[in-house]
Amino acid sequence: MRDIRLFTDKASLSRAVAEAFVARASESERFSVALAGGGTPRLLYELLATECHDRVPWNRIHFFWSDERYVPLDHVESNTRMVRQALLDRVDVPAENIHVPPVELADPEEAAGRYEEDLRRFFGSGEPRLGWVLLGLGEDGHLASLFPGSPSLEESDRWVIAVKDSPKPPPVRLTMTLPIINHAAGIHFLVAGPGKAAALSSTLEAPQDPARLPAQGVRPINGTLTWWLDEQAASKLNPSK
Ligand code: 6PG
């Protein structure tokens, strides 16, 4: 059964996700979360750093990124820069708990391998069961840096790969793959605004075709998938489905 939660606007959506995050982080001795990039989750991160600040066990959380653009960490397009500004530079998370993708390396392939090694060190020999994976949805239906028609959607072994032909600039990125995403305990899509309505209705209601609609490839193996939507993004959904 699909878990869709509908909100009036991005502000109320973000506040609800923040409360769910606080509750989930508070019940874990060690809580790992892969953060989404882009613009949608910024307000969530700011709420966690401000209104929720005193209710979050910051020292028990490990932060990863579900994808990162291959630009310097101080670049305006950097997801790490956005997350640091909105959240991590404002809260007291131990430095060793912040797992920044190594985009300073010259070779993105090497960086993808290093990031995967960091994840494998964190999870040990078992499956990579992230506590939460936060994801956005692109207007073309992409998630993280997994784009329609990309061979990266077929990746079945590696947890992190380099993407060099992203249709969404910048072109070079590191991204978590469907295997690690689908092993997460909780997968959370945050989708807001009218620009996402077509991609969202196709993703949720069109026949299965993950090559064309990558988010249809998000199928939790032993976890939950929650869609946090505002009314504008949900405006094309068929209420009878
Ligand atoms: C990225 C993001 C990307 C994003 C979607 C939605 O690094 O670009 O990870 O997958 O989540 O493109 O972006 P917006 O939230 O800005 O609409």
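Both ligands and their constituent atoms are indexed starting at 1 by order of listing. Atom set for the values below is all heavy atoms of this structure, side chains included, hydrogens, waters and symmetry mates excluded. One is the number of the first residue; the rest follow in order along the sequence.
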Q.
Below a 4.0 angstrom heavy-atom separation, can you tell me which part of Asn79, side chain or backbone, both or neither, approaches ligand 1?
A. side chain

Return all side-chain donor-acceptor pairs below 3.5 angstrom for residues 172-180, not counting sequence neighbours, or 'none' if the list is empty.
| from | atom 1 | to | atom 2 | distance (Å) |
| --- | --- | --- | --- | --- |
| Arg173 | NE | Ser166 | OG | 3.1 |
| Arg173 | NE | Lys168 | O | 3.4 |
| Arg173 | NE | Pro170 | O | 3.0 |
| Arg173 | NH1 | Asp67 | OD2 | 3.4 |
| Arg173 | NH1 | Ser145 | OG | 2.9 |
| Arg173 | NH2 | Lys168 | O | 3.2 |
| Arg173 | NH2 | Pro169 | O | 3.3 |
| Thr175 | OG1 | Ser145 | N | 3.1 |
| Thr177 | OG1 | Arg158 | O | 2.6 |
| Thr177 | OG1 | Trp159 | O | 3.4 |

Q | Whether over 12 other heavy atoms sit under 6.0 Å from Asp92 CG | A | no

Q: Report yes or no: is the cationic atom of Arg120 (NZ for Lys, CZ for Arg) under 6.0 Å from the centre of the six-membered ring of Tyr115, at an angle within 45° of the ring normal?
A: no

Side-chain donor-acceptor pairs under 3.5 Å in residues 102-113, sequence neighbours left out?
| from | atom 1 | to | atom 2 | distance (Å) |
| --- | --- | --- | --- | --- |
| Asp107 | OD1 | Glu109 | N | 2.8 |
| Glu109 | OE2 | Lys164 | NZ | 3.0 |
| Glu110 | OE2 | Arg114 | NH2 | 2.8 |

Q: Step through it carefully: locate the ring centre of His99, locate the ring centre of Phe63, and say whether they are under 6.0 Å apart.
A: no

Q: State whether a side-chain donor-acceptor pair under 3.5 Å links Thr80 with Arg84.
A: no

Q: Apply salt bridge (Lys or Arg N to Asp or Glu O under 4.0 Å) to the pair Arg15 and Glu51, showing each step before the final yes or no.
A: CA-CA 9 Å; Arg15 194 158 273 112; Glu51 291 181 18; 2.8 Å; yes

**Q.** Subset of ligand 1 atoms that lie under 4.0 Å from at least one heavy atom of Lys196
**A.** 6 (C), 14 (P), 17 (O)

Q: Work out which heavy atom in Leu88 is nearest to a heavy atom in Val93; give both atom names and the distance.
A: CD2-CG2, 4.2 Å

Q: Return the residue, atom name and 0.1 Å-rounded distance of the protein heavy atom closest to atom 16 (O) of ligand 1.
A: Gly39 N, 2.7 Å

**Q.** Ion pair Glu19/Arg55, N-O distance below 4.0 Å
**A.** yes

Q: Would you mind telling me if ligand 1 is within reach of the side chain of Ser66, the backbone, both or neither, using heavy atoms under 4.0 Å?
A: neither

Q | Asp67, Leu35, Leu135, Val191: member with heavy atom nearest to atom 2 (C) of ligand 1 | A | Asp67

Q.
Test of understanding: given a 4.0 Å heavy-atom threshold, classify the contact between Thr40 and ligand 1 as side chain, backbone, both, or neither.
A. both

Q | atom 4 (C) of ligand 1: nearest protein contact (heavy atom, Å) | A | Lys168 NZ, 3.8 Å

Q. Which of the numbered atoms in ligand 1 are below 4.0 angstrom from a heavy atom of Arg173?
A. 1 (C), 7 (O), 8 (O)

Q: Starting from atom 10 (O) of ligand 1, locate the nearest protein heavy atom and write down its residue, its atom name and how far away it is, to 0.1 Å.
A: Ala144 O, 2.6 Å

(Q) Just to check, does Leu137 reach to within less than 4.0 Å of ligand 1 when the distance is taken from its heavy atoms? (A) yes

Q: Name the closest protein heavy atom to atom 7 (O) of ligand 1, giving the residue it belongs to and the distance to 0.1 Å.
A: Arg69 NE, 2.7 Å

(Q) Between ligand 1 and Glu68, can you find any atom pair, the residue atom being a heavy atom, that is separated by under 4.0 Å? (A) no

Q. Can you tell me the protein heavy atom closest to atom 11 (O) of ligand 1 and the distance?
A. Gly136 CA, 3.5 Å

Q | 4.5 Å side-chain heavy-atom contact, Pro128 and Leu119 | A | no

**Q.** Numbered atoms and elements of ligand 1 in range of His142, under 4.0 angstrom, heavy atoms
**A.** 3 (C), 5 (C), 10 (O), 12 (O)

**Q.** Location of contacts on Glu139 toward ligand 1, heavy atoms closer than 4.0 Å
**A.** neither

